[in-house]
Chemist: 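If you scroll down you'll find the structure; I have some questions about it.
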Amino acid sequence: MFEWQPVWLSIKVALASLGFVVLLGVSAAYVMRRSEFTGKAAVEAVFSLPLVLPPVVTGFLLLLLIGKQGPLGRFLADSFDLQLIFTPYAAVIAGTVVAFPLMYQSTKAAFQSIDTKLEDAARTLGASEWRVFWTVTLPLAWHGLLSGIVLSFSRALGEFGATIMVAGNIPGKTQTIPLAIYFAAESNDMTHAGLYVLIISLLTFSLIFGVNLWARRKQPQATERGVL
Amino acid sequence: MLSVDIRCDLPDFSLDLQFQVERDILVLFGPSGCGKTTTLRSIAGLVKPDAGRIILDGKVFFDAAAGIFAPPRERQIGYMFQDFALFPHMNVQKNIWYGVKQHGEAAQEMYEKLLGLLKIGHLGARRVGQLSGGEKQRVALARALMAEPKLLLLDEPLSSLDKATRLELQAELMEMQKLWKIPFVLVTHDPDEAETMGGKVLFLEQGRQVAAKR
C-alpha cells in the first residue's frame, strides 16, 4: 500500500521551514549589509556553516541544543511542557537551519547588486528606511530572493541527515519523503522507493520550471536565463 | 538661505568648505575627485561630515558640536543624481509621484504644471529604460520638485547629454529655478556650464575653495 502521508508531511515541513528561512534570511542579509562590526566575518562564516557541514553533523548539534538534556530542550520542557525532539517541529527546525544559508546568500548577493544611489534617491524624496526597503530595495532584489526561495524550499524538502537526527523516522508522524525512500530501499521495497523518488523529483522540477516561466513572463528581458 | 560650513576627512585630503546661498544658483566647479559630490551628499544628509554646521532657512540639519544630524527624509532637500537614479521598476508617473506626501488636488495641479513646463506629458506610462538621456533628466527634475524641496542639489546634471540637449536643458534649469525660487547648488566640471549657469561660482581644488566669482 502506497502511503501519501510522507508527501504531505514533506510539503508542510518544507513550507513551514521556508517561512522561517525567508524571514530570517532576509532580515540577516539586511542587517549585515548595513552594519560594520568586529567579528562580522566570523558571523558570516557561522551563517554559511550549515551549507558546508555534513547535515548529520548539523543534526547532531541541533540534538545537543533541543534534545531532552539540551539547554533549549530542557527549558521548553520545564516552562511550556513542550517537547520538540522526534516531532514534525524538529523536522521544521532542521529544514530551516540547513536551508538558511541558501536564502541568506541569495538575498545578500541580490542586495549587493542594487545601486545604492536608488535607495539614496528615495531617502532624499522623504522616504523612511522602512519605505525604502519595501518600495526600492525589495522590488529590485526580487529575482535574487525568488531564487533563494526556490533553493531553500527544495533544500528543506530534500533534507535527510539533520532530520533523521532530530525528528527520527516515525511512520505517520515524522517520516518525510527522503526518509521514506531510505527505509523503503533498505527493506528492498524498490517500487515504493522509486515512487517517492519520482514524486520528489517531479515536485522540485516543476517548482523550478514554473518559477522560471513565471519570472520570464513578468520581466522578459531580465530573465532570459531564468531565475535558476 | 543655505549656510554650509563643513569638514570631511577623505582618504586623500580633507574637504574644508564654507559658503552660503540665497534663492539663487550656486555652482561648485572643479576637477573630478575634488570633493564636490561629497559636499552635496553632506548637505542632503547622505553622509555625515566630520565637523561643522549645515543650516537651511534657520533649521539646523547638522551641527557636529551640538551632536545634531537630521536624516535625509527630514531635510526636504531635492537631489538630482549624476545618472538620475530613476527607479527602474516603476514607470515615469510613479517615479514623479514617489516623493509626494499628500495626494490631492494641489499635488495633481503641480504634477500637470511640471509635465507641461518640462514637456514630458506624453511620457507618464513609459518605463525608465525607454527614455532618452534628456527625458530622464527632465523626469528626475520633475520627481525632485514634486517633493516640494526647499533646496535642490544637482550633481553634474547635464554631463551625460549631447551638446544640443545640454544647452536646451541649461536654459530649462535656470527657468525652473526662477519659477520655484529655491536655492540650487549645482556641481560641474565643465567650465562653460559653470559660466552659463552660475550666479555665483566656487572653484574647488583638493577639497578647498581656491577662487570665487559673483
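Here is the naming used below: chain letters follow the sequence lines, and residue numbers restart at 1 for every chain. Basis for what follows: all heavy atoms, side chains included, without hydrogens, waters or symmetry-related copies.
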Chemist: Do A:E119 and A:R33 sit within salt-bridge range, that is, some charged N less than 4.0 Å from a carboxylate O?
Modeler: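 A salt bridge is present here (some side-chain N lies under 4.0 Å from a carboxylate O).
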Chemist: Inspect the contact between A:D120 and A:R123 and indicate whether a charged nitrogen and a carboxylate oxygen are less than 4.0 angstrom apart.
Modeler: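 Yes, charged N to carboxylate O under 4.0 Å.
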Chemist: What residues of residues 52-73 of chain B sit under 4.5 Å from chain A when only non-hydrogen atoms are counted?
Modeler: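 Under the 4.5 Å heavy-atom cut-off, B:P72, B:R73 qualify.
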Chemist: If you measure only the distance, is there a donor-acceptor pair under 3.5 Å linking the side chains of B:Y98 and A:T135?
Modeler: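 There is such a pair between these side chains.
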Chemist: Only heavy atoms, only distances under 4.5 angstrom. Which residues in residues 37-49 of chain B are near chain A?
Modeler: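 Answer by number: B:R41, B:A44, B:L46.
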Chemist: What part of B:L86 is in contact with chain A, defined as an atom under 4.5 angstrom from a non-hydrogen atom: side chain, backbone, both or neither?
Modeler: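 Interface part for B:L86: backbone (N, CA, C, O).
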Chemist: Mind checking whether B:Y111 and B:W97 have parallel, tilted or perpendicular rings, split at 30° and 60°?
Modeler: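 Correct class here is tilted.
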Chemist: For B:C34 and B:L204, work out which heavy atoms get closest and say how close.
Modeler: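 For B:C34 and B:L204, the tightest heavy-atom pair comes out as SG-CB, 3.8 Å.
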Chemist: Please classify the contact of B:M146 with chain A as side chain, backbone, both or neither, using a heavy-atom distance under 4.5 Å.
Modeler: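 For B:M146, no heavy atom lies under 4.5 Å from chain A.
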Chemist: Output yes when B:E156 and B:K36 qualify as a salt bridge under the 4.0 Å nitrogen-oxygen rule, no when they do not.
Modeler: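 Looking at B:E156 and B:K36, the cut-off is met.
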Chemist: Could you tell me if the side chain of B:V27 sits less than 4.5 Å from the side chain of B:I25, heavy atoms only?
Modeler: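 With C-beta onward as the side chain, the pair touches.
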Chemist: Would you mind checking which part of B:A147 comes under 4.5 Å of any heavy atom in chain A, side chain (CB onward), backbone (N, CA, C, O), both or neither?
Modeler: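 It is the side chain, since no backbone atom gets that close.
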Chemist: Look at the rings of A:W130 and A:W134 and say which category their plane angle falls in: under 30° parallel, 30 to 60° tilted, over 60° perpendicular.
Modeler: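 The rings of A:W130 and A:W134 stand perpendicular, inter-plane angle above 60°.
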Chemist: Flag the one option from A:D115, A:L125, A:L140 with the top tally of heavy-atom pairs under 4.5 Å to chain B.
Modeler: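 Greatest number of close heavy-atom pairs with chain B: A:L125.
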Chemist: Start with the C-alpha gap between A:K40 and A:E36, add the side-chain angles, then the distance that decides, and say whether salt bridge (Lys or Arg N to Asp or Glu O under 4.0 Å) holds.
Modeler: CA-CA 7 Å; A:K40 188 174 171 181; A:E36 284 302 327; 3.4 Å; yes
Chemist: Using atom types as modelled and distance alone, determine if a side-chain donor or acceptor of B:R7 lies under 3.5 Å from a backbone N or O of B:D50.
Modeler: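 Not at all, since once roles are kept as given, no pair shorter than 3.5 Å links the two residues.
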Chemist: Which atoms of B:A144 are under 4.5 Å from chain A, going by heavy atoms: the side chain, the backbone, both sets, or neither?
Modeler: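 For B:A144, the contact with chain A is made by the backbone alone.
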Chemist: Could you walk me through whether B:D83 and A:K117 pass salt bridge (Lys or Arg N to Asp or Glu O under 4.0 Å), step by step?
Modeler: CA-CA 9 Å; B:D83 49 11; A:K117 258 191 225 159; 3.4 Å; yes
